[in-house]
There are 2 protein chains.
Amino acid sequence: MKASRDVPNALLESLKSLGLTKYEALVYIGLLRTAGATATEVHEISGVPRASVYPVLDRLVQKELVSVSHTTPKRFDAVPPDQGVENLMRRIESDAQSARTALDALYREKGPGGRGDQELIWTIYGEENIRTRLAGMFRSAERSVEVLATWDLLRESMLKLLDPVPDSVPVDLVTERWEGEQPSRFRLHVLPLAVLQEIRFPADKLLPYERSGVFLVDDARALLWMEGIDGQPSALYSESAGLVLFVRRHITTVTEWARATVQ
Amino acid sequence: MKASRDVPNALLESLKSLGLTKYEALVYIGLLRTAGATATEVHEISGVPRASVYPVLDRLVQKELVSVSHTTPKRFDAVPPDQGVENLMRRIESDAQSARTALDALYREKGPGGRGDQELIWTIYGEENIRTRLAGMFRSAERSVEVLATWDLLRESMLKLLDPVPDSVPVDLVTERWEGEQPSRFRLHVLPLAVLQEIRFPADKLLPYERSGVFLVDDARALLWMEGIDGQPSALYSESAGLVLFVRRHITTVTEWARATVQ
DNA sequence: ACCTTGTTGTTATTGTAGCAACAACATTTA
DNA sequence: TAAATGTTGTTGCTACAATAACAACAAGGT
C-alpha cells in the first residue's frame, strides 16, 4: 500500500521553503489523507522509513502541524492545511519582523551618503527594487524630470511614482501613444516611435521591445529600465557623468529625430 | 578591520528561516553598513572567506537583496532592509499560497469522517489549533454547550468563538467572575471558585492557574484547555465515553460544590 | 623593458552539519 | 511464540562552510 508516489515535486519545494524537511513534508501530506494513523501506517503511506517516522513526527508536533492521541499505539492526525500553513507562516512572519527591526537599526547606523553612488553604474534586479529606486529619484528631483518609456511601462504604475515630484519641477514624458485623458501636470510628447515598439535584431529576428524606459532627473541621475526576453526586469542606475551624458543625448536625439520623421 | 564580530545570533537564525544561509546573512548584514563595497571589502567586513564571497554574492543578487555595479572591480550594495525582507517574504508567501491550494486539494479528497476521532484522546498544541477545534465543536453543537473556564480565558476570545452556536442550543457558562454586562444569550453562573484562581502544589509552592477551561458539547465531545508553566497552551480533545464522562462529572461536581460552599 | 607587489576573480579540495536510510535491539500486545 | 511498536546507533549523502592555490591584470620601482 504505497499510494504516495504521486507527490508533486513543486509542493515539496514549497513546503521546504516554509521550513519543513523532505520527510516532514511527506509525512504531513500523508497524514492529510489518513486521519488517525499509527506510526507504521504513516510509514506506509508516506514512504518514509519507519524508524525515521518517529523523530519526524516529533518535529511536526512541535511545529503544531499534527496532533497526537494518548492511546497505545499512538495515533497521529494532521491539522487542516490552511491552518497548518498559517501556523508555519506565523513563525516566519515573526522572524521577518524581528529581522526587519534589527537590520533597520544596523542600517541607520551608517550615514546615508557614503560616496557610494557617484561614478558607479549599478544594476538593480527585481521590479520592486527598481520601483523603489525610481521613487527615490523622483522624490529628490529639484530641477527636471525626463522620462522616455513605452506606454506599457508608463501605464502600469509609473504615473503613481511620479506623484511625489515637487510641483516646481517640470516633468517631460515621451512615449509612443497615450490612452485616457491627457494629464495637465506633465509636458506630454506622444511620438509614434517605431523604436519604442519593436526592433529587429540580428537580421530578421523580431524582438518584442515591450517594456523599457529611460529616466533622467536633474541631469544628474539616470536609470535605464531593461527587460530581458525572460521577462525579468532589471535596470541600470548611475550618477556618473558618462552615463548621464549618454542618456541626455539619447533622449534628445530620439525626440528630435522622431519629430523630424513624423511631421 | 573586523567590525562584524557583534552580529546577534538571533538575527542570523531569523534570516535563516527566511531562506538565507549563514554566509548570505553575514554578507547582507555587512553590506548594509557599507555602501558600494568591493568583494574584498565585503570579505573584510563580513568575516566570510574571500573565495566564498563570490558565490554568496551571486545568490544574494539572484534573491534581489543586493545590486551590482558595472565597474572593475565590481562593487556591491544592499537594498534597504525593509524592502529586502519584503522581497524574501514575497517568495515565501507565494510558496505558502501554492502549498495551501495543493494541500487543500489533497485534503478534500478524503471523506471527512473516517472513524478517526472516536474513542481516541488527542493532544493539540498551539493556541490557534485549539481555537480552531473549539470553533468546530461549537459550530456543530446540537443539544448542549457547557463551558467551565477562568475569566481570563473566557474574556480573551472565547466569547467570539461561541457566536456560531445555533440559537436553539442552550449554552452554560461557569466562571469565577464577570466584568462588563451580562450576556442574555447564555446561562451564566458566576461562582467565585478558589479552584479556578489558584492551587497549591506540592506543599506551599503557589501555582498560578491562570488560563484553563473545560468544554463539553452535546455530552459527546470534550476539550480540556491546559496551560503549562511555560505559557504554551495545549489541550486534550476526545469523543471517548471515558473522558466525556469524566468531564461531565467534573463540571457538575465543581458547580454543585461551589454552590454549596458559597451560599 | 623587467621584476615585484598587490588585487581580482576563479577553481579545486577538504571539513562539517543536518538530514536520509538502514540495521539491530528492547518492549509490548496478541 | 509471533507480530507490531518504539528506540538506538551507524552509515551515507548533500549542501554549505572553510582553506588553499592559481591565472589575469594593474600599478610602481629599478
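So that the names make sense, note that chain A is the first sequence line, chain B the second, and so on, each numbered from 1. Since the structure is predicted, the reported quantities are computational estimates derived from the model, not experimental observations.
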S.K.: At a cut-off of 3.5 Å, list every protein nitrogen or oxygen paired with a nitrogen or oxygen from nucleotides 15-17 of chain D, distance to 0.1 Å.
M.R.:
{"unit_1": "dA17(D)", "atom_1": "OP1", "unit_2": "K22(B)", "atom_2": "N", "d": "3.0"}
{"unit_1": "dA17(D)", "atom_1": "OP1", "unit_2": "Y23(B)", "atom_2": "N", "d": "3.2"}
{"unit_1": "dA17(D)", "atom_1": "OP2", "unit_2": "T21(B)", "atom_2": "OG1", "d": "3.4"}
{"unit_1": "dA17(D)", "atom_1": "O3'", "unit_2": "Y23(B)", "atom_2": "OH", "d": "3.4"}

S.K.: Indicate whether the side chain of S67(B) and that of D77(B) have a donor and an acceptor atom separated by less than 3.5 Å.
M.R.: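 No, no side-chain donor-acceptor contact under 3.5 Å.
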
S.K.: Between H70(B) (NE2) and dG9(C) (C1'), how many Å, whole number?
M.R.: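 So the NE2-C1' distance, H70(B) to dG9(C), works out to 16 Å.
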
S.K.: Using a strict threshold of under 4.0 Å (side-chain N to carboxylate O), is an ion pair present between R108(A) and D104(A)?
M.R.: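 Salt bridge between D104(A) and R108(A), a charged N being under 4.0 Å from a carboxylate O: yes.
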
S.K.: Are side-chain N/O atoms of R221(A) and S238(A) paired as donor and acceptor at under 3.5 Å?
M.R.: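 No, S238(A) and R221(A) have no side-chain donor paired with an acceptor closer than 3.5 Å.
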
S.K.: Could you check whether any side-chain N or O of N129(B) sits under 3.5 Å from a backbone N or O of I124(B), counting only pairs where one atom can act as donor and the other as acceptor?
M.R.: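 Answer holds: no.
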
S.K.: Can a salt bridge be assigned to the pair E86(B) and R91(B) using a cut-off of 4.0 Å between side-chain N and carboxylate O?
M.R.: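 Looking at E86(B) and R91(B), the cut-off is not met.
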
S.K.: Reading nucleotides 5-14 of chain D from the 5' end, what letters show protein touch, with B for base, S for backbone sugar-phosphate only, - for no heavy atom under 4.0 Å?
M.R.: BBBB------

S.K.: Please round to the nearest 0.5 Å and tell me the distance separating atom OG1 of T132(A) and atom CD of Q83(B).
M.R.: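 Here the rounded value is 3.0 Å.
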
S.K.: Is the shortest side-chain heavy-atom distance between Y125(B) and Q62(A) below 4.5 Å?
M.R.: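 A side-chain contact is absent here, since even the closest heavy-atom pair is not under 4.5 Å.
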
S.K.: NE2 of H43(B) versus C1' of dT10(C): gap in Å, rounded?
M.R.: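 Whole-Å distance recorded here is 16 Å.
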
S.K.: Only pairs at least two apart or in different chains count here, so list each salt bridge (charged side-chain N to carboxylate O under 4.0 Å, His left out) that has a residue in residues 8-20 of chain A.
M.R.: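 Only E13(A)-K16(A) qualify under salt bridge (charged side-chain N to carboxylate O under 4.0 Å, His left out).
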
